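Please read the structure below before turning to the comments.
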Amino acid sequence: MAYLGNSARTKEVLAKYNMSAKKKFGQNFLIDGNVLENIVEAAGVTDDDCVLEIGPGIGTLTQYLAEAAGRVVAVEIDKGLIPVLADTLSEYNNVTVINEDVLKVDIAAIADEYNGGRPMKVVANLPYYITTPIIMKLFESGAPIESITVMVQKEVADRMTEGPGSKDYGSLSLAVGFYAKAEPVCDVPPSSFIPQPNVGSAVVRLSKYDEPKVSVGDAGFMFEIIRTAFNQRRKTLSNALSNNPSIGVSRQQVQDALTKMGINDKARGEILTLEQFAGLSDILQRDSAMIN
Ligand code: SAM
């Protein structure tokens, strides 16, 4: 039985191994059984699934996952936690712990080895200091992944799920929206963790599309446009994009492209949808190719 989802048992395990949470690894251990159950339910984990957990910590969420899934592969960077995990997961024979940095590990190879190359579900209480690199790696590596259900900082959850016009809309919303349908699951207060983080948290579910949401000639070029647009959020698109030599277009070309698309030529990036960024990217890529 999963027994770690409370403060007393978590403190007991940490004391037994004379450990405390390491800030540099973003360690905030979940102690709220309801939240843990919500995460597993939102991820829709069944015994047909192979789950990839990132950062098992002392094994709290891992216990819940091991009871619901066919197999769990958990990647933990902190080697000090490996003996703890061997202890807290000893009664489960369907869990494999890999002591690696998730940003360096070959996720497709994990899917091959533990799930016959079939898509895995990623479920995690993420280390907040590297949330975006982890999410982008999961998408961009092309590894077989069906969905990503993760605890992140509340502000990051908002950025993943908001649309054009919102203050939280930006490159992360567009990058996530390109690859997946993003849905908020629940908000989680600091009191659900030991130690308490100094920010609010939220669980989001990202259900990956079979194909990216929009078709675009060069997705890398589109994301360069998107990054440039939101790095200089207060500028018009034509000013922001013409200032970036790696895009290689003039202010007039951006204005003409926007007009052609029926968008105000003084628009800022924050009002464009993903489809509109894809259209703009295709036009500017042709213009840029003509200059270079
Ligand atoms: N899953 C546990 C829980 O819910 O109580 C711990 C979550 S804690 C927020 C984040 C975990 O990610 C920690 O165990 C930390 O050591 C681990 N971690 C941090 N950076 C990592 C990385 N680059 N690769 C793998 N694990 C990492």
Side-chain angles (χ1 to χ4, degrees), residues 2 25-26 30 36 38-57 59-79 81-82 85-86 88-89 92-152 156 160 172 175-183 185 203-213 219-220 223:
F25 288 140
L30 262 169
L36 286 150
N38 270 348
I39 295 174
V40 177
E41 196 190 318
V45 176
T46 72
D47 56 10
D48 277 343
D49 289 317
C50 175
V51 171
L52 172 64
E53 187 192 4
I54 297 164
T60 310
L61 177 57
T62 327
Q63 291 188 339
Y64 286 76
L65 291 170
E67 285 176 14
R71 169 146 290 280
V72 181
V73 181
V75 178
E76 173 57 60
I77 196 171
D78 183 359
K79 78 170 182 311
L81 287 171
I82 304 305
L85 289 163
T88 59
L89 301 174
Y92 302 100
N93 59 11
N94 59 343
V95 180
T96 304
V97 175
I98 300 176
N99 182 203
E100 284 265 16
D101 179 346
V102 72
L103 294 178
K104 297 196 179 133
V105 93
D106 183 344
I107 293 169
I110 293 181
D112 274 347
E113 182 168 352
Y114 296 97
N115 204 32
R118 290 184 304 279
M120 298 179 292
K121 288 182 173 161
V122 175
V123 185
N125 170 18
L126 287 179
Y128 294 173
Y129 73 107
I130 43 169
T131 301
T132 302
I134 292 176
I135 299 286
M136 293 323 294
K137 169 169 180 172
L138 292 172
F139 286 139
E140 288 174 347
S141 68
I145 287 166
E146 181 182 329
S147 62
I148 303 172
T149 306
V150 279
M151 176 86 70
V152 296
V156 175
M160 288 182 185
L172 185 62
V176 165
F178 183 66
Y179 293 105
K181 179 166 128 211
E183 295 161 294
V185 174
V203 178
V204 289
R205 181 180 49 230
L206 313 176
S207 312
K208 203 166 161 218
Y209 299 127
D210 292 336
E211 295 293 327
K213 172 108 183 291
F223 281 116

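These figures come from a predicted structure and were not determined experimentally.
- Considering all non-hydrogen atoms of both residues, Leu36 and Thr60 come closest at CD1-CG2, 3.7 Å.
- Taking every heavy atom of both residues into account, Ala182 and Val176 meet most closely at CB-CG1, 3.9 Å.
- Counting all heavy atoms, side chain and backbone alike, Lys208 lies closest to Ala180 at CA-CB, 3.9 Å.
- With sequence neighbours excluded, the residues satisfying side-chain contact (heavy atoms from CB on, under 4.5 Å) with Pro212 are Phe178.
- Counting only heavy atoms from C-beta outward, the side chains of Met120 and Ile107 approach each other to under 4.5 Å.
- Remark: Ile82 CD1 to Ile98 CD1 distance equals 10.0 Å, nearest 0.5 Å.
- Taking a 6.0 Å sphere around CD of Glu183, one finds it holds more than 12 heavy atoms contributed by other residues, nucleotides or ligands.
- Tyr209 meets the side chain to side chain donor-acceptor pair (under 3.5 Å) test with no other residue; sequence neighbours excluded.
- Val40 approaches Ala68 most closely through the heavy-atom pair CG1-CB, 3.7 Å.
- Of all heavy-atom pairs spanning Arg118 and Ala111, the tightest one is O-CB, 4.0 Å.
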From CA spacing to verdict: side-chain contact (heavy atoms from CB on, under 4.5 Å), Met151, Leu61: CA-CA 11 Å; Met151 176 86 70; Leu61 177 57; over 6 Å; no
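- Side-chain contact between Leu126 and Ile135 is present, with at least one heavy-atom pair separated by less than 4.5 Å.
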Below 3.5 Å, can you tabulate the donor-acceptor pairs from side chains in residues 47-54 to any protein atom, sequence neighbours excluded?
unit_1	atom_1	unit_2	atom_2	d
Asp49	OD2	Thr46	N	2.8
Asp49	OD2	Thr46	OG1	3.4
Asp49	OD2	Lys121	NZ	3.0
Glu53	OE1	Thr62	OG1	2.6

Indicate every side-chain donor-acceptor pair of residues 142-149 with a distance under 3.5 Å to a residue at least two apart or in another chain.
none

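- Taking CG from Asn125 and CG from Leu30, the interatomic distance works out to 4.5 Å, rounded to the nearest 0.5 Å.
- The side-chain contact (heavy atoms from CB on, under 4.5 Å) test applied to Asn38 returns Cys186, not counting sequence neighbours.
- Within the structure, ring-ring contact (aromatic ring centres under 6.0 Å, His included) pairs that include any residue of residues 107-140 comprise Phe139-Tyr179 (at least two apart or interchain).
- Not counting sequence neighbours, Lys181 has no partner by the side chain to side chain donor-acceptor pair (under 3.5 Å) test.
- Remark: side-chain polar atoms of Lys137 are paired, donor with acceptor, to backbone N or O of Val102 under 3.5 angstrom.
- You'll find the side chain of Val72 stays beyond 4.5 Å of the side chain of Leu89, heavy atoms only.
- Residues satisfying the side chain to side chain donor-acceptor pair (under 3.5 Å) test with Glu100, not counting sequence neighbours, are none.
- Under the side chain to side chain donor-acceptor pair (under 3.5 Å) criterion, the residue pairs touching residues 63-75 are Glu67-Tyr92, Arg71-Thr96, with sequence neighbours excluded.
- Pairs of residues two or more places apart, or lying in two chains, never qualify as salt bridge (charged side-chain N to carboxylate O under 4.0 Å, His left out) while including a residue from residues 103-114.
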